[in-house]
Enquirer: 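Okay, here's the structure, questions in a sec.
So you know, we letter chains A, B, ... as the sequences are listed, proteins then strands, and number each from 1. In this text, all values refer to a predicted model and were calculated from it rather than measured experimentally.
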Amino acid sequence: MSEQVEHEADAPIDRGGYDFHAMQAKWRPVWEKLDPFKARDDGSAERRYALTMFSYPSGDLHMGHGEVFALHDVLARFWFQQGYDVMNPIGWDSFGLPAENAAIKRNEHPATYTYANIETQAESIRRYALSFDWSRRLHTSDPEYYRWTQWLFLRFFERGLAYRKASYVNWCPNDQTVLANEQVVQGRCERCGHEVTKRELTQWYFKTTDYAQRLLDDMDLLQWPEEILLQQRNWIGRSEGAFTDFRVEGREEPIKVFTTRPDTLFGATFMVVAPDSKLAEELVTPEQRGAFDEYLTAVKASTEIERLSTDREKTGVFLGAYATNPVTGERIPVWAADYVLSDYGTGAIMAVPGQDSRDWEFAEKFGLPIVRTVQPEEGFDGKAYTGDGPAINSANAEVDLNGLPIPEAKARIVDWLQDKGLGERTINYRLRDWLLSRQRYWGAPIPIIHCPSCGEVPVPDDQLPVELPDQRGAALAPRGISPLASARDWVDVACPKCDGPAERDTDTMDTFVDSSWYFLRYVSPEYTEGPFDPEAARRWMPAYQYVGGKEHAVLHLLYARFFTKVLHDMGMLDAVEPFTRLLNQGQVINEGKAMSKSLGNGVNLGDQLDSFGVDAIRLTMVFAGPPDDDIDWADLSPGGSLKFLQRAWRLSGAVEAPAGVDFSTGDLALRKITHRTVADATELLESYRFNVMVARVMELVNATRKAIDSGPGAADPAVREAVETVAILLSLVAPYTAEDMWENLGHEPTVAKAGWPKVDPALLVQDSVTCVVQIAGKVKDRLEVSPDITDAELEQLALASDAVQKALDGRGTRKVIVRAPKLVNIVPA
RNA sequence: GCGGCUCUGGCCCAAUUGGAAGAGGCGUCUGGCUUAGGACCAGAAGGUUCAGGGUUCGAGUCCCUGGAGCCGCACCA
């Protein structure tokens, strides 16, 4: 907290009767009684679903919440004013590790911490005056909610979209649980930042890869920031190429490889397989067994950070096996190296050092042959050449690629491979299936029973939810297996199929499963026949607007899209996409850096609200700049926001024209400004330019002040019109101030439903505009002209100007560009 | 390494999408009102639009090169 802030808080300042504490105390109960933001869902108006990312209940709201909620609320309130039937729900993403860790530390149940925090946040949200429909509130940790999370899991399971497999998986040693690919950021745990290691485990997966292409294709339907779409596109990582078979000496099955560069096949001088793949295990010869085992051990011990480092020297080991290059017939060695990944493509590659820098490095280090198959550009002195050029050294008795540029060479060789049955065109995706099991307590139990005779048996729907056993405190301490496993009387059950002894699955679901469908639960939170009422979903989905952070680009936002598509395929949902428009707010930082405990530069939202009031803080957030930019709290002036609100508020006490007066008799100049402001604000709000919209309201306030003090005066009807307009526009950002203004103006609450002001188009037309006359781009004169002057008239007028004639000084004109009514540019001869 | 975004008065940011560089706010300064004020009212100063080149009658805006900052991905064959 800066000194300035404390000063503001301590010294009472005369704000001309403006008292935000009193206003907050006065209006909150009034609104709660009126409950104006409940979605009607009765067909009386066009529906609009406004959604903001629900909150994780770790303590009270912070500055980031303050920003995202303020921005989201501007849009929601705008649509309420415009008369839409807005659904603006709120809930909590209340499963997850922080609650569990807190429970261990305090020796209590995670629910205690969770629900206490939810109440704290709910109180703060109410104080923050957000236009939520509280009747739809949900918590993902409620059994009534997670029963449907489990129900959905079972439907996925039935369709083969949820399955178990053994694999090397990401493991966070700190959180003692596995992580999805999406939760590993730069080799570190997305949640706690600890280095991630690998473990071989049998885990549950969702088959996201089945939807890779549709996740790409349907991006066309989304009005999302290009940045996010790009991230998803890269994450899905579609690449077109070919499978090619390489025969291996003494082995029945050929090795299949994926390559995007089949045109370089003639340059494949060795092969590399992933060391942790079954293939490596099978191929290694007895002579090389010792070296291979040693290498594999070293690879497993390395962390993801080490493995991902691209400047690390290549490592690998010869497996003793040889394959045959299908086009050259050459005998080529097969190596194992950890730069080849076991879970991408087939876990094996053909190495073409001449055209691939990784293969070049490897070949150089281990003395393997290098053959160029693309002619590098003149003067190329690098190593591997990855650019385009004519193929060279690429012919055998049956096929000749030499001289062809890469695309043609690719096509020809793949045709040949397909004819010979040696390969085929294919598409590969970088996206992996979503690993959803977690070895932790505070999540939805996976509703599967493992039976020695029947295998994986789903818990029957009528036995849902599978509730968590009552465990708390030290019992939850991470020890690498799920805490649920130690609840023996919970684990041991009769198999639903054969009634024999069986055990429950002891893992819980990734909390991203909970959040992949919460927006659907909102449409019918009381529904008992399924996760949501399909009819209600038809009415509300897809959500028109989603507001939240960009950190979810390839996490929640991708998972929610996947769930929506599966539910669509199940016939439960018309929508194929969950969120039509997306707005990512920036971060609130302080003095150039992210706020953090270690830096000690944190700003507490509650303190800010105490010092400046809810409205001033909301206004500061919205006015700071474009919503997707980061905002630096040190650059901003909540005191300035407060000053403006007070200035606006004082107008409402100055108005002398009675409520209901006919505005049309008011001062024309001020009326024009008012209507222009509303027209501009409408457009600015639709395109997320809230900061500019606030600036327009400030202009209107300034113009109104001037009209009162030195213009037509406080009794003019135009002044009332302007101030009522200010109140309504301001109600999106500063609801308490706006409501108080509305009352001062003689109206009943609530200004939030006053209705968006109607623009009179006649008041938008200007009587005259200033036309700039340039000579060779330099301004020489200005003319007041009619807005609908013709090009010809304007040109004549401009040429007749004294200033122009003087500047031309007898020179003729070579060219005259006329852009009526704003500009004439004369190019002299 | 690859890709994306950003760069405009001291500061946060506008600029009708190629047409007068400045809307709004903060800060500074001057005057008024005031016992006084950080409150209120009126007004003012402040610029090579990151640098260089190009396209154009005209560039903050489009293109190229470079710089700075932020972000994403990073052995994906």
Side-chain angles (χ1 to χ4, degrees), chain A residues 4 7-8 11 13-16 18 185-187 225-228 230-231 234-235 237 239 241 257-261 264 268 272 307-312 314 337-341 343-352 355-359 361-362 428-432 550-551 553-554 586-587 589 592 619-620 623-626 628-632 634-641 643-644 646-647 650 680 683 689 691-702 705-706 709-710 770-779 782 813-817 819 822-828:
Chain A
Q4 187 198 356
H7 194 116
E8 293 262 6
I13 291 167
D14 175 14
R15 300 208 175 272
Y18 180 92
V185 178
Q186 318 242 316
E226 198 47 48
E227 182 192 356
I228 301 294
L230 186 73
Q231 270 192 62
N234 292 340
W235 189 258
S239 65
V257 303
F258 173 73
T259 178
T260 55
R261 293 293 305 275
T264 64
V272 186
R307 201 188 63 75
L308 288 173
S309 161
T310 38
D311 47 330
R312 187 182 61 132
K314 290 277 178 290
D338 67 354
Y339 80 94
V340 172
L341 310 176
D343 56 354
Y344 182 75
T346 61
I349 62 159
M350 64 179 213
V352 188
Q355 271 70 233
D356 184 288
S357 50
R358 298 154 300 181
D359 297 343
E361 269 179 57
F362 194 81
N428 221 325
Y429 299 91
R430 210 187 76 120
L431 183 72
R432 309 296 151 85
K550 55 190 125 196
E551 65 276 13
V554 295
Q587 305 237 293
I589 61 174
L619 175 67
T620 304
F623 184 54
D628 47 342
D629 281 6
D630 286 352
I631 60 181
D632 192 332
D635 291 337
L636 304 176
S637 172
S641 299
K643 205 168 96 180
F644 164 71
Q646 177 189 352
R647 184 171 153 84
R650 272 191 288 112
D680 286 354
E683 210 181 297
R689 288 149 69 204
N691 55 323
V692 187
M693 176 266 188
V694 171
R696 291 281 179 278
V697 179
M698 289 173 169
E699 284 181 80
L700 179 56
V701 167
N702 290 344
R705 180 82 258 163
K706 194 168 250 175
D709 291 348
S710 55
T770 307
C771 173
V772 178
V773 185
Q774 302 177 329
I775 291 180
K778 300 244 184 316
V779 180
R782 293 178 171 82
T813 61
R814 188 154 65 91
K815 198 171 177 183
V816 181
I817 292 108
R819 293 285 178 273
K822 303 215 60 173
L823 176 129
V824 177
N825 188 11
I826 298 161
V827 187

Enquirer: From CG of A:Leu700 over to P of B:rG25, roughly how many Å is that when rounded to an integer?
Expert: 13 Å
Enquirer: Which one, B:rG72, B:rC73, B:rA14, comes nearest to the side chain of A:Val185?
Expert: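 For A:Val185, the side-chain atoms sit closest to B:rC73.
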Enquirer: Suppose you measure atom P in B:rC50 against the same atom in B:rG10; what distance do you get, rounded to whole Å?
Expert: 13 Å
Enquirer: Taking any heavy-atom pair under 4.0 Å as a contact, classify A:Ser239: base, sugar-phosphate, or nothing.
Expert: sugar-phosphate
Enquirer: Of the listed nucleotides (B:rA74, B:rU16, B:rA77), which one gets closest to any side-chain atom of A:Arg430?
Expert: B:rA74
Enquirer: Of the listed nucleotides (B:rG27, B:rG24, B:rA14), which one gets closest to any side-chain atom of A:Ala695?
Expert: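 Of the candidates, B:rG24 comes closest.
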Enquirer: With heavy-atom distances below 4.5 Å as the criterion, would you say the side chains of A:Thr264 and A:Met350 are in contact?
Expert: yes
Enquirer: Enter the distance from A:Lys815:NZ to A:Ile826:CD1 here, rounded to the nearest 0.5 Å.
Expert: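 It comes to 13.5 Å.
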Enquirer: How far, in whole Å, is B:rU8 from B:rG22 if one measures between their C1' atoms?
Expert: 9 Å
Enquirer: By nearest atom, which of the nucleotides B:rC75, B:rA39, B:rC13 is closest to the A:Asp629 side chain?
Expert: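 Nearest to the side-chain atoms of A:Asp629, counting from C-beta on, is B:rC13.
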Enquirer: From the options B:rC41, B:rA20, B:rG24, select the nucleotide whose nearest atom is closest to the side chain of A:Glu699.
Expert: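 Side chain of A:Glu699 sits closest to B:rG24.
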Enquirer: From the list B:rG25, B:rA77, B:rC41, which nucleotide is the closest neighbour of the side chain of A:Asn702?
Expert: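 Nearest listed nucleotide: B:rG25.
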Enquirer: If I pick the P atom on B:rU65 and the same atom on B:rG4, what distance separates them, to the nearest angstrom?
Expert: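 Those two atoms are separated by 12 Å.
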Enquirer: Rounded to the nearest 0.5 Å, how far apart are CG of A:Asp628 and NZ of A:Lys550?
Expert: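 If we round to the nearest 0.5 Å, A:Asp628:CG and A:Lys550:NZ are 6.0 Å apart.
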Enquirer: Considering only heavy atoms and no angle criterion, is a donor-acceptor pair shorter than 3.5 Å present between the side chain of A:Arg782 and the base of B:rA20?
Expert: yes
Enquirer: The side chain of A:Asp338 is closest to which nucleotide in this list: B:rC41, B:rC75, B:rA23?
Expert: B:rC75
Enquirer: Return the polar atom pairs (N/O with N/O) between nucleotides 6-12 of chain B and the protein under 3.5 Å, or none.
Expert:
residue, atom, partner, partner atom, Å
B:rC12, O2', A:Ala624, O, 3.0

Enquirer: How far does the P atom of B:rU16 sit from the matching atom of B:rC73, given to the nearest Å?
Expert: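 Going atom to atom, P in each nucleotide, I get 33 Å.
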Enquirer: Give each protein N/O atom lying under 3.5 Å from an N/O atom of nucleotides 57-62 of chain B, with the pair distance.
Expert:
residue, atom, partner, partner atom, Å
B:rC57, OP1, A:Lys815, NZ, 3.4
B:rC57, O2, A:Asn825, ND2, 2.4

Enquirer: Across all strands, who's sitting opposite B:rA14 as a Watson-Crick or G-U wobble pair, both distances under 3.5 Å?
Expert: none
Enquirer: According to the Watson-Crick and G-U wobble definitions, with both distances under 3.5 Å, which nucleotide is paired to B:rG37?
Expert: none
Enquirer: B:rG18 P sits how many Å from A:Lys822 NZ, rounded?
Expert: 15 Å
Enquirer: Is any side-chain heavy atom of A:Val697 closer than 4.5 Å to a side-chain heavy atom of A:Phe644?
Expert: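 Yes, at least one pair of side-chain atoms sits under 4.5 Å.
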Enquirer: Using whole Å, report how far CG of A:Leu341 lies from C1' of B:rA74.
Expert: 11 Å
Enquirer: Considering only the C1' atoms, how many Å lie between B:rG60 and B:rG18, rounded to the nearest integer?
Expert: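 It works out to 11 Å between them.
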Enquirer: Where the side chain of A:Met698 is concerned, which of B:rC75, B:rG3, B:rG24 is the nearest nucleotide?
Expert: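 Per side-chain heavy atoms of A:Met698, the pick is B:rG24.
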Enquirer: For nucleotides B:rC12 and B:rG54, find the distance between their C1' atoms and express it as a whole number of Å.
Expert: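 Their C1' atoms lie roughly 33 Å apart.
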Enquirer: Could you walk me through whether A:Arg261 and A:Val352 pass side-chain contact (heavy atoms from CB on, under 4.5 Å), step by step?
Expert: CA-CA 9 Å; A:Arg261 293 293 305 275; A:Val352 188; over 6 Å; no
Enquirer: So, under a plain 3.5 Å distance rule, would you say the side chain of A:Lys550 forms a donor-acceptor pair with the base of B:rC71?
Expert: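 By the distance-only test, no, there is no pair.
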Enquirer: Can you say whether the rings of A:Tyr339 and A:Phe362 are parallel (under 30°), tilted (30 to 60°) or perpendicular (over 60°)?
Expert: tilted
Enquirer: Find the distance A:Asn691:CG to B:rG24:C1' and express it as a whole number of Å.
Expert: 9 Å
Enquirer: Applying salt bridge (Lys or Arg N to Asp or Glu O under 4.0 Å), can you list everything that pairs with A:Arg647, at least two apart in sequence or on another chain?
Expert: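 Partners of A:Arg647 by the salt bridge (Lys or Arg N to Asp or Glu O under 4.0 Å) criterion come out as none, since no residue qualifies.
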Enquirer: Can you measure A:Gln231 atom CD to B:rG72 atom C1' for me and round it to whole angstrom units?
Expert: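 For the pair A:Gln231 CD and B:rG72 C1', the rounded distance is 5 Å.
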Enquirer: Could you state the CZ-P distance from A:Arg696 to B:rG25, rounded to the nearest angstrom?
Expert: 12 Å
Enquirer: Taking a pair as Watson-Crick or G-U wobble with both distances under 3.5 Å, which nucleotide is matched to B:rA68?
Expert: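 Check on B:rA68: paired to B:rU6, both distances under 3.5 Å.
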Enquirer: When the C1' atoms of B:rC33 and B:rC40 are considered, how many whole Å apart are they?
Expert: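 These two C1' atoms come out 8 Å apart once rounded.
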Enquirer: Using the glycosidic torsion, which applies to B:rU17: syn (within 90° of 0) or anti (everything else)?
Expert: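 With its glycosidic angle within 90° of zero, B:rU17 counts as syn.
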Enquirer: Check the phosphate of B:rC26 against A:Lys643, side-chain N and O only, distance under 4.0 Å to OP1 or OP2. Yes or no?
Expert: yes
Enquirer: It should be established whether A:Arg650 places a side-chain nitrogen or oxygen under 4.0 Å from OP1 or OP2 of nucleotide B:rC41.
Expert: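 Checking B:rC41 against A:Arg650, a side-chain N or O does come within under 4.0 Å of OP1 or OP2.
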Enquirer: Using whole Å, report how far CD of A:Glu683 lies from C1' of B:rA14.
Expert: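 Result: 15 Å.
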Enquirer: If you measure from CZ on A:Arg696 to CZ on A:Arg689, what distance do you get to the nearest 0.5 Å?
Expert: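 Atom-to-atom, A:Arg696:CZ and A:Arg689:CZ are 8.5 Å apart.
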Enquirer: With respect to the side chain of A:Arg647, which nucleotide from B:rA42, B:rA20, B:rC26 is positioned closest?
Expert: B:rA42
Enquirer: Nearest whole Å is fine: how far is B:rC5 C1' from A:Asp628 CG?
Expert: 10 Å
Enquirer: I need the A:Asn825 CG to A:Thr813 OG1 distance, nearest 0.5 Å.
Expert: 11.5 Å
Enquirer: Which nucleotide in the list B:rA77, B:rG72, B:rA42 gets nearest to the side chain of A:Arg705?
Expert: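 Per side-chain heavy atoms of A:Arg705, the pick is B:rA42.
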Enquirer: On a whole-Å scale, what distance lies between the P atoms belonging to B:rC70 and B:rU55?
Expert: 35 Å
Enquirer: Just N and O in the side chain of A:Tyr344: are any of them under 4.0 Å from OP1 or OP2 of B:rA77?
Expert: yes
Enquirer: With a 3.5 Å limit on both atom pairs, tell me what B:rC57 is paired to, counting Watson-Crick and G-U wobble, or say none.
Expert: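 The base-pairing partner of B:rC57, which may sit in any strand shown, is B:rG19.
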Enquirer: Would you indicate whether A:Glu683, at its atom CD, is surrounded by more than 12 heavy atoms from other residues, nucleotides or ligands within a distance under 6.0 Å?
Expert: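 Not buried by this count: 12 neighbours or fewer within 6.0 Å.
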Enquirer: For a 4.5 angstrom cut-off between non-hydrogen side-chain atoms, does A:Asp356 reach A:Ile349?
Expert: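 No, their side chains stay 4.5 Å or more apart.
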Enquirer: Do A:Ser637 and A:Thr620 come close enough that some side-chain heavy atom pair is under 4.5 Å?
Expert: no
